[in-house]
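Reading through the structure tokens given below for one structure.
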Amino acid sequence: MEPLVVVVGSCNYDQIVYVPDFPAAGATIYGGSYATGFGGKGANQCVMAAKLGVATAMVGALGSDQIERITRENFTALGVDKQHPCAK
């Protein structure tokens, strides 16, 4: 099926470290936990349209690394046409 919605935008992979307090200027603090997640304004819009049942395709730039591979796998799992993001 041809995509009805094509999104041109960013595809991000967020890396989040949770800390107990906001650090003071120049301070070093340790994180309590770590999480990752997929994001980017364009990718988020494309995924939500796909979850609503619309045929979608994502156009954006990806690196040539492990994150590229898992981002493409995530798009596939969520029903987004992943053929168009180009690897750099």
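- A distance of 10.0 Å separates OG1 of T71 from CD of Q66, quoted to the nearest 0.5 Å.
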Side-chain donor-acceptor pairs of residues 39-54 under 3.5 Å, sequence neighbours excluded:
{"residue": "N44", "atom": "ND2", "partner": "G40", "partner atom": "O", "Å": "3.3"}

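- Annotation for M58 and C11: closest pair CE-SG, 3.6 Å, computed over non-hydrogen atoms.
- Interatomic distance, OG1 of T56 versus CG of D81, reported as 7.5 Å (0.5 Å rounding).
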Enumerate donor-acceptor pairs with a distance under 3.5 Å from any side-chain N or O in residues 13-22 to protein atoms, sequence neighbours excluded.
{"residue": "Y13", "atom": "OH", "partner": "T36", "partner atom": "OG1", "Å": "3.1"}
{"residue": "Q15", "atom": "OE1", "partner": "Y34", "partner atom": "OH", "Å": "2.8"}

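- No option in I70, I67, N12 other than I70 meets the side-chain contact (heavy atoms from CB on, under 4.5 Å) test with F38.
- Applying the side-chain contact (heavy atoms from CB on, under 4.5 Å) test between L62 and each of R69, R72, K82 identifies R72 as the sole match.
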